2 protein chains.
Amino acid sequence: MAATAPRPGNVFDRNCPSRPVLEHATSRWGVLVLGALLGGTRRFTELRREVDGVSEKMLSSTLQSLERDGMVEREVLPVIPPHVNYRLTDLGRRMARHVRRLYQLVEETLPDVLAAQDAYDRRRR
Amino acid sequence: MAATAPRPGNVFDRNCPSRPVLEHATSRWGVLVLGALLGGTRRFTELRREVDGVSEKMLSSTLQSLERDGMVEREVLPVIPPHVNYRLTDLGRRMARHVRRLYQLVEETLPDVLAAQDAYDRRRR
DNA sequence: CTGCATCCCATTCGATACTG
DNA sequence: CAGTATCGAATGGGATGCAG
């Protein structure tokens, strides 16, 4: 019963099923999609514009992962042309708020980070 | 002056320098390394054990990224055999606390997530 | 013990073209 | 509009061997 022994259900354990879930939410595009959806319901194309640089393919697969994990709800309106809405679930909103704090902190402290990078690179030459 | 126009320094903008920093901290191993270091100073091998499944190579490169970004401090003790300590900087600790809330939320809500996954998979067949 | 260098594979990712 | 299909490029990541 060592204090550091891996427990099942603990994300530090290799086989913990939390890991893939966490990875979907913290993935390159997952973070930004969650953040964008904090602004409210969005259509596919709106997300594509708001999350600058994401490809159709990656947006699609990111949304599918988040939907499967119960973070995002998908609503298909039976109209032509197609109209699909994405919104956060309650769980998704809780995740998204934490995620937002993360990238906001990075944005706020960016000057410090850039300075640290510069110092590191100079130290290495 | 549209409300959704990309601003420089905004992580939603394709060229925002925050993006790679955020990606280091939210990477598969970055999250767990930050979380482990919240427990205090750790040696390389201790991290290797605590972050179950990480390879030497990935732990090494993860620590380098985090050090370069000013999240982690590295202390080399001039002894034989080598002894290297890693600890969070103030900025790293702030990041790590947010990161921890993220994976703790995932751990806590895992049953809901697994149920959502199951429902999604059944819906698809 | 701590890591770097190398090799190599699997997966991810992006661009493009196409469909309902 | 909202995707899927496909393909090549890039990256992530593991295994091994070696050095300080």
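Chain letters run A, B, ... following the sequence lines, proteins first, then strands; residues in each count from 1. Here the structure is a predicted model, which is why all the values come from computation and not from measurement. Below, all heavy atoms of this structure are taken into account, side chains as well, without hydrogens, waters or symmetry copies.
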Could you tell me how far apart B:E46 (CD) and C:dG3 (P) are, to the nearest whole angstrom? 12 Å
Any non-hydrogen side-chain atom of B:Y86 less than 4.5 Å from a side-chain atom of B:E46? no
Distance, rounded to the nearest Å, where B:E56 contributes CD and D:dA15 contributes P: 11 Å
Side chains of A:R28 and A:V54 in contact at under 4.5 Å (non-hydrogen atoms): no
Near DNA chain C, under 4.0 Å by heavy atom, which residues of residues 24-37 of chain B? none
Rounding to 0.5 Å, atoms CE (B:M95) and CG (B:D69) come to a distance of 9.0 Å
B:R122/B:D118 salt bridge by N-O under 4.0 Å criterion: yes
Separation of C:dC1 P from B:F44 CZ (nearest whole Å): 11 Å
List in numerical order all residues of residues 57-88 of chain A for which some heavy atom is under 4.0 Å away from an atom belonging to DNA chain C. A:K57, A:M58, A:P82
Determine: side-chain N/O of B:R43 to OP1/OP2 of C:dC1, distance under 4.0 Å, yes or no. no
Are A:T45 and D:dA2 close enough that a side-chain N or O sits under 4.0 Å from OP1 or OP2? yes
As an exercise, state the distance from CD of B:Q104 to CG of A:N10, rounded to the nearest 0.5 Å. 10.0 Å
Please work out whether the ring planes of A:Y103 and B:F12 are parallel, tilted or perpendicular, with thresholds of 30° and 60°. perpendicular
Heavy-atom side-chain contact between B:R43 and B:L77 under 4.5 Å: no
Grab the CZ-P distance between A:R48 and C:dC13 for me, whole Å please. 15 Å
In this structure, how many angstroms lie between the P atom of C:dC1 and the CZ atom of B:R42, rounded? 17 Å
Apply side chain to side chain donor-acceptor pair (under 3.5 Å) to A:D121 and list each qualifying residue two or more places apart in sequence or on a separate chain. B:R68
